[in-house]
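What follows is one structure encoded as structure tokens, with my remarks underneath.
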Amino acid sequence: MKKFIQPLIGLVASCLFYGDATAQNSKPADVSDKPVYHSPGGTYSDWYFPAQAYNSLEWTFVPVADPPASLALEGLLHYYAYNFALNNASSSVGGGYAGFQTNGLFKNTFQGKVINFSIWGSNAGKSEGLVNGGNEESGGFQIMYRYNWTIGHPYYFELKPGPSGSDALGKWWGLWVTDKATGVKDFVGEQRVPSLINGKEATTWSAHTSMFGEDLHWWRSLNGHQKYTEPSEFQSSAMAATDISANAGTVKPFKFINRHNSGKPVTGDTGFKSINSDVSIYSDSTTFNVQHNLGYWASPAPNYIEK
């Protein structure tokens with residue numbers, strides 16, 4: 001299990017995801033020598049809200065294209081996650097993410113389409129889905145909720161105080177998702193996080209959120225466990241993120257930043273050299289909506305943002 005989730009540790013530890021997944025535990029490399037091998041690119045977006053404390057965060061994910069079945073047959077997955085952190089979070093407590101995994105891996109068993117929800121340092125978790133109390137990636141609880149999303153449907157996520165409220169061991173945070181095409185609302189689950197982190201109150205969300213798109217091919221490519229000679233070996237998918245807000249939709253971000261690591265050379269711990277293949281992001285500078293496009297697209301990905 002650890003080999004699949006390790007790249008995500010550095011993302012949350014950097015608290016708010018300025019690093020890129022394929023560069024964790026690696027260094028820039030000169031890949032001018034032939035042959036050239038490829039790693040998958042990653043996509044990243046950041047949203048900035050006015051500086052204040054927030055009781056809830058909301059976002060909508062729209063699956064634009066799922067990867068072909070061949071990705072799951074390889075024992076790999078794509079993950080599109082919305083990232084957040086409590087005020088006064090540390091590198092080990094209070095940061096987290098929630099989003100769609102195309103073939104979620106739970107205790108070494110693949111689960112198909114899931115919502116993966118985790119908060120670093122959470123000390124309890126409740127869900128009708130799968131609950132992992134010994135999550136290596138976060139040092140806390142992980143909830144994996146089987147969720148068979150439909151391409152083109154908008155899915156509205158709400159991260160807000162959970163039904164269990166607060167107690168002496170912390171505050172419960174719940175996650176709900178609504179299929180806006182059908183009106184069906186699911187409670188993914190809730191996690192309890194200490195209300196004090198390093199002696200400081202941590203009961204509201206910070207003003208910076210983000211998103212990443214990750215292709216787990218990179219775990220095999222980084223150290224040359226598998227050598228990819230063509231970018232076309234990386235299956236494609238796309239996910240849009242729209243209607244980013246806080247405090248039940250009453251506050252919108254005032255700025256956003258998008259980036260990817262296409263063309264970035266990396267060297268794994270073994271000294272193996274590769275270069276990140278091209279990926280892309282579509283964005284709207286007025287609405288701050290984005291679409292992350294992973295993998296190889298022979299022609300441009302369909303653009304949901306322009307609709």
Is it true that a side-chain atom of [X] and a backbone atom of [Y] form a donor plus acceptor pair closer than 3.5 Å?
{"X": "Gln101", "Y": "Gln111", "result": "no"}
{"X": "Asp215", "Y": "Gly42", "result": "no"}
{"X": "Ser118", "Y": "Phe141", "result": "yes"}
{"X": "Ser206", "Y": "Ala85", "result": "yes"}
{"X": "Ser45", "Y": "Met211", "result": "no"}
{"X": "Asn223", "Y": "His225", "result": "no"}
{"X": "Gln191", "Y": "Ile119", "result": "yes"}
{"X": "Thr267", "Y": "Lys273", "result": "no"}
{"X": "Gln235", "Y": "His78", "result": "no"}

Return a table of donor-acceptor pairs under 3.5 angstrom between the side chains of residues 169-176 and protein atoms on other chains or two or more places apart.
unit_1: Lys171; atom_1: NZ; unit_2: Thr203; atom_2: O; d: 3.0
unit_1: Trp172; atom_1: NE1; unit_2: Asp167; atom_2: OD2; d: 3.3

Check your understanding: Should the heavy atoms of other residues, nucleotides or ligands under 6.0 Å from CD of Glu128 be counted, would the total exceed 12?
Key -> no
Review point. Are more than 12 heavy atoms from other residues, nucleotides or ligands located less than 6.0 Å from atom NZ of Lys200?
Key: no
Close side-chain approach of [X] and [Y], heavy atoms under 4.5 Å:
{"X": "Phe234", "Y": "Leu76", "result": "no"}
{"X": "Tyr97", "Y": "Asn116", "result": "yes"}
{"X": "Leu294", "Y": "Pro40", "result": "no"}
{"X": "Ser56", "Y": "Glu158", "result": "no"}
{"X": "Phe117", "Y": "Ser127", "result": "no"}
{"X": "Trp149", "Y": "Thr102", "result": "yes"}
{"X": "His292", "Y": "Val279", "result": "no"}
{"X": "Tyr282", "Y": "Pro302", "result": "no"}

Polar contact flag, side-chain donor to acceptor under 3.5 angstrom, [X]-[Y]:
{"X": "Glu201", "Y": "Asn88", "value": "no"}
{"X": "Ser277", "Y": "Tyr228", "value": "no"}
{"X": "Tyr82", "Y": "Thr209", "value": "yes"}
{"X": "Ser210", "Y": "Asn83", "value": "yes"}

If two hydrophobic side chains count as joined below 4.5 Å and joins carry through other members, does [X] share a cluster with [Y]?
{"X": "Val64", "Y": "Val290", "result": "no"}
{"X": "Val251", "Y": "Leu159", "result": "yes"}
{"X": "Ile281", "Y": "Trp297", "result": "no"}
{"X": "Val62", "Y": "Phe256", "result": "no"}

Check your understanding: Please, which pairs that meet ring pair (Phe, Tyr, Trp, His ring centres under 6.0 Å) have at least one residue in residues 150-170, sequence neighbours excluded?
Key -> Trp59-Phe157, Phe61-Phe157, Phe100-Tyr155, Phe100-Phe157, Tyr147-Tyr155
What's the spacing between [X] [atom1] and [Y] [atom2] if we round to 0.5 Å?
{"X": "Ser232", "Y": "Tyr296", "atom1": "OG", "atom2": "OH", "answer": "6.0 Å"}
{"X": "Asn55", "Y": "Lys160", "atom1": "CG", "atom2": "NZ", "answer": "11.5 Å"}
{"X": "Leu222", "Y": "Tyr37", "atom1": "CG", "atom2": "OH", "answer": "15.0 Å"}
{"X": "Lys107", "Y": "Gln142", "atom1": "NZ", "atom2": "CD", "answer": "9.0 Å"}
{"X": "Glu214", "Y": "Thr43", "atom1": "CD", "atom2": "OG1", "answer": "9.5 Å"}
{"X": "Tyr54", "Y": "Ser245", "atom1": "OH", "atom2": "OG", "answer": "10.5 Å"}

Practice item. Check the pair Asp46 / Lys255 against salt bridge (charged side-chain N to carboxylate O under 4.0 Å, His left out), numbers first and verdict last. Key: CA-CA 8 Å; Asp46 294 86; Lys255 181 176 75 171; over 6 Å; no
Identify the two heavy atoms, one from [X] and one from [Y], that lie closest to each other, and give their separation to 0.1 Å.
{"X": "Ser280", "Y": "His260", "result": "CA-CD2, 4.4 Å"}
{"X": "Ala72", "Y": "Asn103", "result": "CB-ND2, 3.6 Å"}
{"X": "Ala301", "Y": "Asn293", "result": "CB-OD1, 3.6 Å"}
{"X": "Ser91", "Y": "Trp120", "result": "O-CD1, 3.6 Å"}
{"X": "Ser221", "Y": "His38", "result": "CB-O, 3.6 Å"}
{"X": "Leu57", "Y": "Ala246", "result": "CD2-CB, 4.0 Å"}

Exercise for review: Start with the C-alpha gap between Thr242 and Tyr304, add the side-chain angles, then the distance that decides, and say whether side chain to side chain donor-acceptor pair (under 3.5 Å) holds.
Suggested key: CA-CA 10 Å; Thr242 69; Tyr304 179 85; 5.6 Å; no
Point to revise | For Tyr44, the option from Asn258, Ile257, Asn261 that meets side-chain contact (heavy atoms from CB on, under 4.5 Å) | key: Asn261
Review point. Listed by chain and number, what are the side chain to side chain donor-acceptor pair (under 3.5 Å) partners of Tyr145, not counting sequence neighbours?
Key: Asp186
Point to revise | Qualifying residues under salt bridge (charged side-chain N to carboxylate O under 4.0 Å, His left out), relative to Glu233, sequence neighbours excluded | key: none
Practice item. Not counting sequence neighbours, which residues clear side-chain contact (heavy atoms from CB on, under 4.5 Å) with Thr250? List them please. Key: Asn247
Point to revise | salt bridge (charged side-chain N to carboxylate O under 4.0 Å, His left out) contacts touching residues 52-76 (sequence neighbours left out) | key: Asp66-Lys113
**Study point:** Trace of the side-chain contact (heavy atoms from CB on, under 4.5 Å) decision for Trp205 with Leu86
**Key:** CA-CA 4 Å; Trp205 297 107; Leu86 292 165; 3.5 Å; yes
